[in-house]
Protein chains: 4
Amino acid sequence: MSPALTKLSHVALSTPNLEQSRWFFKDLIGMEEVEQDETRIYLRCANERDHHSLTLREGPVGIEHIAFRVSGPDDLAAYEAQLRDIGVETTAVAAGGEAGQGDALRFTMPHVEVPIELVWDIDRPLSPEPMRSKAPSASTKFWRQGVSPRRIDHLSVQTTVEGTGLGERWMTEQFGFKRREYVEVNGQVALSFLSVTPQVHDVALSIDGENRPGRFHHVAFAVEDMSAILRAADMMREHDIKVDLAPGRHGIAQSYCYYVREPGSGHRVELYAGGYVIYDPDWEPVRWDESNLLTGTMFFGPDFVPGSGGPMDANTPCAIASEPAASAVG
Amino acid sequence: MSPALTKLSHVALSTPNLEQSRWFFKDLIGMEEVEQDETRIYLRCANERDHHSLTLREGPVGIEHIAFRVSGPDDLAAYEAQLRDIGVETTAVAAGGEAGQGDALRFTMPHVEVPIELVWDIDRPLSPEPMRSKAPSASTKFWRQGVSPRRIDHLSVQTTVEGTGLGERWMTEQFGFKRREYVEVNGQVALSFLSVTPQVHDVALSIDGENRPGRFHHVAFAVEDMSAILRAADMMREHDIKVDLAPGRHGIAQSYCYYVREPGSGHRVELYAGGYVIYDPDWEPVRWDESNLLTGTMFFGPDFVPGSGGPMDANTPCAIASEPAASAVG
Amino acid sequence: MSPALTKLSHVALSTPNLEQSRWFFKDLIGMEEVEQDETRIYLRCANERDHHSLTLREGPVGIEHIAFRVSGPDDLAAYEAQLRDIGVETTAVAAGGEAGQGDALRFTMPHVEVPIELVWDIDRPLSPEPMRSKAPSASTKFWRQGVSPRRIDHLSVQTTVEGTGLGERWMTEQFGFKRREYVEVNGQVALSFLSVTPQVHDVALSIDGENRPGRFHHVAFAVEDMSAILRAADMMREHDIKVDLAPGRHGIAQSYCYYVREPGSGHRVELYAGGYVIYDPDWEPVRWDESNLLTGTMFFGPDFVPGSGGPMDANTPCAIASEPAASAVG
Amino acid sequence: MSPALTKLSHVALSTPNLEQSRWFFKDLIGMEEVEQDETRIYLRCANERDHHSLTLREGPVGIEHIAFRVSGPDDLAAYEAQLRDIGVETTAVAAGGEAGQGDALRFTMPHVEVPIELVWDIDRPLSPEPMRSKAPSASTKFWRQGVSPRRIDHLSVQTTVEGTGLGERWMTEQFGFKRREYVEVNGQVALSFLSVTPQVHDVALSIDGENRPGRFHHVAFAVEDMSAILRAADMMREHDIKVDLAPGRHGIAQSYCYYVREPGSGHRVELYAGGYVIYDPDWEPVRWDESNLLTGTMFFGPDFVPGSGGPMDANTPCAIASEPAASAVG
């Protein structure tokens with residue numbers, strides 16, 4: 001068993017309207033555009049020193065991959081062997097396949113059908129003056145532009161019941177994820193919140209109402225606090241951005257939340273704040289069920305019942321594996 | 001014409017569960033209980049030096065009256081004459097009829113059927129040590145208890161279409177209210193926001209979907225800012241308080257809002273923050289209509305369409321004139 | 001006696017580094033540049049529909065004038081007569097002397113030596129798309145740029161002991177200002193907070209430690225709430241802006257505050273939030289003295305003792321009457 | 001080498017005025033009093049499920065110990081052996097020596113002279129109804145009382161230059177702490193920020209200006225966000241609590257901060273919010289020196305220069321090892 005993954009590194013999206021997606025993430029969300037190469041635009045948040053936490057590529061709506069950072073330079077080879085042993089085919093991506101990072105390993109996660117990338121080497125370029133922060137632990141100036149998120153926080157994937165169960169077990173066994181909280185409905189695990197960090201989730205898995213294979217649900221960026229989310233909600237209204245869920249607070253993770261649609265591709269994006277941390281190795285996963293589910297989904301905020309057919313359940317066009325742009329990548 | 005009214009003074013509620021209502025306003029909302037006499041409990045907010053902005057009385061659910069402060073000691077007599085001239089019957093209430101205040105005048109507003117009280121003399125007792133604030137402009141310590149509102153802000157009344165039109169005109173002509181913003185649907189004024197202060201509204205009038213006479217919709221208390229509303233939303237969840245509308249921001253008045261039901265009586269209470277002020281005497285009322293109504297009701301927040309039958313439209317048991325407790329008072 | 005003034009309209013500054021001052025107010029503070037004519041740049045805040053609340057003019061550091069809006073179209077002539085009667089010389093400024101406004105009256109306030117302008121007609125141009133807000137009560141999009149203040153709030157002037165006493169009396173008698181709070185040190189009124197609006201102050205007068213005639217101390221812009229001030233404090237650090245007083249809360253006015261120096265001219269600018277409102281005509285001014293002065297100056301925040309020689313006492317180069325740019329205007 | 005420690009568990013204070021200290025932590029800070037035995041009062045924060053994060057004991061001002069949780073049930077024995085090997089004498093404390101926890105190991109850290117306790121077994125009692133939260137991941141209701149901190153965050157210890165250097169190295173080598181940020185003045189490490197968690201610091205070490213051995217500087221409790229700190233600052237003023245440093249933001253750790261003195265003992269307490277997290281195993285410690293130290297200490301806020309003799313440098317009575325109450329404990 002290789003060491004647990006370190007953290008969520010980045011999400012690679014493809015979008016049919018690259019300029020509109022770029023406007024959203026760069027101007028309105030306010031991420032730094034670190035680099036653009038022939039294939040992609042690379043962006044990062046104000047508190048990230050890594051080269052990118054998001055990439056955009058022109059193409060049919062989809063997810064190229066979600067990427068995690070491994071725990072050391074030898075882990076890529078170790079994972080390659082480990083995955084081969086259990087029959088998962090991997091593809092090596094040489095340094096330079098994506099700007100700002102070294103060798104990587106790609107494969108599609110069994111059961112959940114999500115394209116995954118593992119990477120260790122990542123550049124940490126200083127932001128150019130005059131956008132550089134006076135805090136050396138940050139990259140760009142605090143509140144430089146738009147929403148001004150601090151960092152990528154987590155992502156969420158919808159899958160089949162089987163995908164939720166087997167996929168979670170696979171992630172736990174292969175990558176060191178731990179279950180932190182979960183929701184059981186009708187005796188089935190409908191949502192599960194997993195992390196390799198002390199966060200409640202780096203990845204959330206949820207049942208897709210229609211039992212389809214892996215589909216991207218949302219990527220979340222962390223902002224400073226709830227007031228930054230409310231400020232963002234004002235901005236989204238001013239710019240006619242589609243809202244899937246108005247600002248509120250989840251009981252699960254105790255986090256403040258707000259979900260919108262990126263206008264170029266329709267990808268769902270969460271703005272996230274708060275939440276609690278888990279340092280104890282003997283943490284017992286928090287269980288929610290029919291008796292308190294509504295407190296779990298929204299401690300306060302608009303009514304939100306997963307699976308009830310509202311905007312948060314709409315998953316087109318956030319497909320993953322079925323999209324050519326995505327499947328062509330691995 | 002007498003001078004315009006000065007401000008909303010207080011709301012007198014009656015409740016069938018006095019102790020539960022007292023718990024809500026005193027312990028959870030955190031108002032100071034200034035006095036209790038044989039009839040009522042008198043409460044005020046932390047930034048109010050007047051004796052009370054809310055009274056509670058045991059009885060069937062209803063509104064005894066809403067009270068405004070006049071602009072000077074001679075105004076009561078002047079208003080009595082002015083109202084008599086236009087055929088509105090008034091009742092004099094001698095000093096002591098309510099604790100902490102002097103002579104008052106009561107009558108029922110025509111067209112809207114709301115019992116109104118006018119008062120000038122009001123005691124300004126210091127809060128007892130140790131709850132007294134170190135800021136002499138306040139009464140009790142900042143953030144002393146619960147939600148900790150700063151002051152009463154406004155109230156809202158539902159009425160008939162005719163009541164909205166004629167009632168508003170009556171308030172404008174008799175009391176110096178000015179229209180600040182309004183919503184026109186199908187060519188009818190569905191909501192109108194009126195004030196004698198620079199606030200966007202001291203009183204809001206709205207059409208009751210069923211064309212019934214005046215009914216109390218809510219009383220609003222102002223808190224420091226939006227973070228205090230979100231804190232309150234956590235508290236309400238922890239105490240199982242019924243929520244009518246989750247936290248959000250109105251486009252109308254630009255104010256942050258949150259609506260709950262007081263558990264003892266079911267009266268609707270708004271927690272309110274922000275908003276803008278109008279100092280110009282030539283302010284042109286802001287008009288909203290079908291083309292931008294949803295931006296007006298909620299700049300951000302849960303969907304809210306007045307008249308669509310949601311929790312914000314439910315008006316039982318917030319009746320006014322039809323309740324014995326209320327009608328018996330005037 | 002003419003009716004009381006309506007509100008603070010605008011402040012006209014002159015600066016030796018126009019482009020740097022423009023960068024500060026337009027890019028970093030985030031005001032809208034509404035117009036530029038041969039003489040001045042005209043700016044306003046996001047919630048202001050009036051043409052300008054601040055003007056910038058190239059020249060030696062100084063204040064051209066502070067301007068108030070009168071209560072009606074006939075007030076300018078009435079004030080001209082009223083001022084003439086008490087021996088104050090006025091200068092008529094024809095419409096167009098400043099862009100976006102009509103006829104104005106200028107004079108220097110006795111005792112305090114501040115150049116004042118009175119104006120009634122003011123244009124209310126819509127902000128151009130795409131910066132226009134979806135809230136018709138605002139001008140530009142919420143949080144469009146930088147600090148994003150909502151409106152001009154108040155200004156503060158330092159003067160002699162005599163100026164504080166006689167100047168205040170003059171403002172009260174001639175313009176309808178009311179004293180809301182004051183500080184007495186050694187039996188002298190050291191600070192007085194005056195308003196024609198329900199705010200605690202539209203104008204603050206304070207003793208200059210060196211007993212010099214009227215000198216501008218600061219102009220304050222109101223932001224949404226304290227979180228907007230803290231965000232601004234991050235921004236000011238990132239841009240090396242000189243800070244005179246770190247974020248805190250005054251006991252006087254109960255307002256959140258933060259003071260910086262505009263880099264082009266050295267003019268002091270306050271970012272302001274909160275505060276309470278006074279609707280009662282019989283408000284008794286709140287008195288502070290040696291026994292609770294420190295609570296009054298800072299309910300919380302960095303130590304601040306007016307007159308102790310700290311950055312908040314430094315008044316060069318914020319002179320008023322002694323500057324050619326200012327004296328040449330009237 | 002034993003596995004790295006898991007987290008800061010609790011701080012055990014002794015106070016000459018137990019009731020006043022209890023009032024501060026229980027009523028004003030708003031911690032839950034979980035238990036009281038013959039020796040101590042045990043308290044925890046609203047988001048803590050462990051039995052306690054703070055204990056109070058009557059006695060001369062001092063620190064009994066600071067306690068960390070180890071990573072597994074076998075670690076106590078392993079650490080005992082490991083410490084014995086390097087000549088550090090340990091004392092075993094049988095389960096029950098402190099309420100709510102199992103066997104513990106105590107010793108005094110070399111170089112820094114801080115009494116340390118290691119523990120694994122800790123009870124996780126449910127909070128009693130009606131104070132229990134509806135979020136199972138929390139213990140007591142959100143915002144139940146006073147400041148309402150979420151959890152203990154970190155602590156800070158002053159020591160000699162030698163202690164800073166050797167102590168840090170010892171903590172790193174023995175317990176798995178990592179240096180996250182540090183300040184170098186005159187080529188000496190004056191402050192170092194260490195953690196076993198992704199936080200920037202679980203423990204801060206700083207030079208005592210007088211080169212004395214280990215002295216407790218402060219314990220920090222994390223609140224929801226900066227607005228909770230400002231609310232606390234209002235409360236502290238209302239209750240005459242001594243403030244050592246007004247609210248501001250450190251550049252180091254990017255965290256919001258506020259320091260007060262607990263009135264019963266004079267122990268310094270920080271209220272803390274924000275900060276960033278470090279998930280990368282190859283994190284390069286952030287270095288600050290004379291060129292940017294003031295940005296590091298206060299990104300914004302009151303001036304704060306460690307070692308300049310201000311309130312933050314005053315370390316009496318926060319002694320550690322020299323106090324009988326502390327030394328008698330182990």
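Below, chains carry the letters A, B, ... as their sequence lines are ordered, and counting in each starts from 1. Everything quoted here is computed from the prediction, not taken from an experiment.
- Between chain D and the options A:Asn292, A:Asp282, A:Ile278, the largest number of non-hydrogen pairs under 4.5 Å is found for A:Asp282.
- Ring-plane geometry between A:His51 and A:Tyr42 is classed as perpendicular, the angle between the planes exceeding 60 degrees on a 0 to 90 degree scale with a lower cut at 30.
- Side-chain polar atoms of D:Gln101 and D:Asp50 form no donor-acceptor pair below 3.5 angstrom.
- Ring centers of D:Phe299 and D:Tyr256: at least 6.0 Å apart, outside the cut-off.
- Between A:Leu8 and A:Ala67, the shortest heavy-atom contact is CD1-O, 3.5 Å.
- Taking the centre of each ring, A:His10 and A:His65 come in below the 6.0 Å mark.
- Of the listed residues A:Ala135, A:Ala138, A:Pro198, A:Ser137, the one with more heavy-atom pairs under 4.5 angstrom with chain D than any other is A:Ser137.
- By number of non-hydrogen pairs under 4.5 angstrom with chain D, the leading residue of A:Arg249, A:Met226, A:Arg287 is A:Arg249.
- Both the backbone and the side chain of A:Thr6 come within contact range of chain D, each with at least one heavy atom under 4.5 Å from a heavy atom of that chain.
- With respect to chain A, the highest number of heavy-atom pairs below 4.5 Å among D:Glu284, D:Gln254, D:Glu181 belongs to D:Gln254.
- Of the two parts of A:Val200, neither the backbone nor the side chain holds a non-hydrogen atom closer than 4.5 Å to a non-hydrogen atom of chain D.
- For A:Arg180, no part lies under 4.5 angstrom from a heavy atom of chain D.
- Residue with the most contacts toward chain D among A:Ile122, A:Val286, A:Thr295, A:Ile252: A:Val286 (heavy-atom pairs, distance under 4.5 Å).
- Chosen from A:Gly251, A:Ser133, A:Gly296, A:Pro281, the residue pairing most often with chain D at heavy-atom distances under 4.5 Å is A:Pro281.
- Minimum interatomic distance between A:Ser9 and A:Ile152 (heavy atoms only, all atoms of both residues): O-CG2, 4.2 Å.
- In this structure the side chain of D:Arg144 reaches within 4.5 angstrom of the side chain of D:Glu32, judged on heavy atoms.
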